[in-house]
Amino acid sequence: MSNHPIHLKPESWLVAAGRTIASGEPLNVPPIPASNFIIGQERSYARSDATPTWEALEEIVGGLEGGRALAFASGMAAVAAVFDQLPVGAHVVLPDDCYQGVVGLAMAGATRGRWSVQRLPLTDTAAWQQACAVADLIWLESPSNPLLTVADLPAICAAPRKAGAIIAVDNTFATPLNQQPLEFGATVAIQSATKFIGGHSDLLAGVLTTREEQLWQKLRQSRTLNGATPGTLEAFLAIRGARTLALRLERAQRNALELAQRLQSHPLVANVRYPGLPSHPTYQVARRVLKGFGTIISFDLKGDAVFADAVCRCVRLIRHATSLGAVETTMERRAAVAGQEHLPPSLLRLSVGIENVDDLWYDLDTAIRKAAPL
Ligand code: PLP
């Protein structure tokens with residue numbers, strides 16, 4: 001592996017990291033489809049000993065997050081490895097707004113009596129600081145999915161915490177370019193690499209990063225025992241995607257700010273949530289904590305779920321699809337998703353891609369006007 005000096009700026013790191021430096025070897029890390037290795041060196045079986053392809057992905061993401069990384073089969077496999085560290089009877093704190101898969105996993109464990117779950121508003125920094133003193137797992141997601149609330153991570157991560165407690169931050173929406181939770185004192189940073197790191201809607205992968213060597217070893221053991229290892233092709237594609245992450249993010253977040261501003265003055269739009277709009281409740285925190293405001297916008301229409309569903313059917317360039325963080329712009333009515341019924345019925349979540357912003361606006365505005373009830 002390359003082991004480039006860490007002083008490279010993130011954009012250069014994304015391009016340079018995870019490559020071999022041996023002459024005569026391929027410039028790019030190839031997908032190495034191996035489960036089994038000839039015994040005698042450090043690898044004998046992929047599930048326990050990893051492959052060079054996963055390790056290249058780990059080097060890239062770990063360098064950006066500022067710790068040692070582990071690649072997983074999906075974002076949820078990475079999440080599950082963190083929950084796997086909890087002793088029976090542990091206390092878990094989750095945000096009021098949080099990816100529904102994580103909520104589902106936490107509630108399933110609570111139902112089986114493995115741990116207790118408390119929910120807190122992401123904006124109540126003092127409550128989170130108090131929770132740090134008693135919780136075994138503080139789970140934060142910032143910006144949150146789908147309300148895009150930005151937590152005051154530096155203040156929460158600096159609070160005194162229970163011995164052995166884990167502060168885990170789902171950093172998927174921010175990406176490691178816009179936010180580095182480990183710098184603030186978090187124990188683990190989580191990426192669903194399915195989203196921005198892959199960036200092309202063609203893979204599932206997850207990455208955890210930590211600075212605590214013992215915890216890294218335990219997370220790796222969990223990955224090995226649960227068989228939550230990434231696929232070779234997926235790791236290869238995630239590396240391919242990561243090379244252009246900085247460029248994609250820069251363009252998509254410029255598009256997102258422009259679209260958020262235009263949506264704000266749209267006559268058929270009731271409310272726009274984007275961390276970079278001064279009207280967003282956590283705008284001041286976002287300015288202080290994030291290096292960029294991201295590419296996701298949530299907005300409510302002046303109307304009901306029927307109107308919002310019709311808008312999703314009317315878009316042409318924008319795709320009616322779940323998930324986010326890819327080159328193409330996608331849109332979804334979130335209250336239609338199982339476990340998200342509490343959200344405003346006409347809330348549309350837009351993951352802004354790298355297309356021309358005027359084409360995106362034309363498509364969105366046309367769809368809203370076409371779908372509007374007479
Ligand atoms: N975290 C967030 C914020 C997500 O949006 C998602 C998926 O949508 C996940 C985690 C889970 O990732 P995956 O689908 O790769 O398992």
Side-chain angles (χ1 to χ4, degrees), residues 54 57 61 65 69-84 92 94-108 122 137 139-151 153 168-179 181 186 188-209 222-223 226-231 233-235 237-238 241-242 245 249 252 273 275 290 294-298 319 321-326 328 330-340 343 347-352:
W54 318 347
L57 175 62
V61 179
E65 296 273 22
L70 276 171
F72 285 80
S74 67
M76 282 309 297
V79 170
V82 177
F83 277 79
D84 212 20
V92 178
L94 289 185
D96 52 354
D97 187 39
C98 184
Y99 172 58
Q100 84 273 3
V102 175
V103 178
L105 181 92
M107 297 323 281
L122 266 179
L137 175 61
W139 188 274
L140 290 150
E141 182 184 303
S142 179
S144 66
N145 182 4
L147 299 179
L148 303 162
T149 306
V150 179
L153 290 185
V169 178
D170 188 332
N171 203 27
T172 301
F173 272 37
T175 81
L177 293 177
N178 280 343
Q179 178 169 261
V188 192
I190 295 109
Q191 287 292 328
S192 164
T194 309
K195 319 293 183 202
F196 293 91
I197 290 172
H200 294 77
S201 305
D202 54 7
L203 65 94
L204 285 168
V207 182
L208 292 181
T209 311
S222 168
R223 180 180 75 175
N226 290 303
T229 48
L233 183 61
E234 284 79 357
L237 288 172
L245 173 62
L249 186 69
R273 297 174 199 81
L290 297 175
T295 75
I296 316 291
I297 303 169
S298 288
R319 298 298 165 148
T322 193
S323 201
L324 50 105
E328 66 278 355
T330 53
M331 188 167 70
E332 184 183 34
R333 189 172 75 80
R334 284 306 284 175
V337 175
Q340 298 281 278
L343 291 169
L347 182 150
L348 293 173
R349 189 188 68 191
L350 193 63
S351 170
V352 180

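Counting convention: from 1, in listed order, for ligands and their atoms alike.
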Could you work out, with side-chain hydrogen bond (donor to acceptor under 3.5 Å, both in side chains) as the rule, every residue matching [X], not counting sequence neighbours?
X      : value
Ser201 : Glu328
Ser222 : Asp84, Asn226
Thr209 : none

Do the side chain of [X] and the main chain of [Y] share a donor and acceptor less than 3.5 angstrom apart?
X      : Y      : answer
Ser298 : Arg273 : no
Asp97  : Leu122 : no
Ser351 : Gly325 : yes

Contacts table for ligand 1: protein N or O within a distance under 3.5 Å of ligand N or O, distances only.
residue: ligand 1; atom: 1 (N); partner: Asp170; partner atom: OD2; Å: 2.6
residue: ligand 1; atom: 5 (O); partner: Asn145; partner atom: ND2; Å: 3.3
residue: ligand 1; atom: 8 (O); partner: Lys195; partner atom: NZ; Å: 2.7
residue: ligand 1; atom: 12 (O); partner: Ser192; partner atom: OG; Å: 3.0
residue: ligand 1; atom: 15 (O); partner: Gly75; partner atom: N; Å: 2.9
residue: ligand 1; atom: 15 (O); partner: Ser192; partner atom: OG; Å: 2.8
residue: ligand 1; atom: 15 (O); partner: Thr194; partner atom: OG1; Å: 2.6
residue: ligand 1; atom: 16 (O); partner: Gly75; partner atom: N; Å: 3.1
residue: ligand 1; atom: 16 (O); partner: Met76; partner atom: N; Å: 2.8

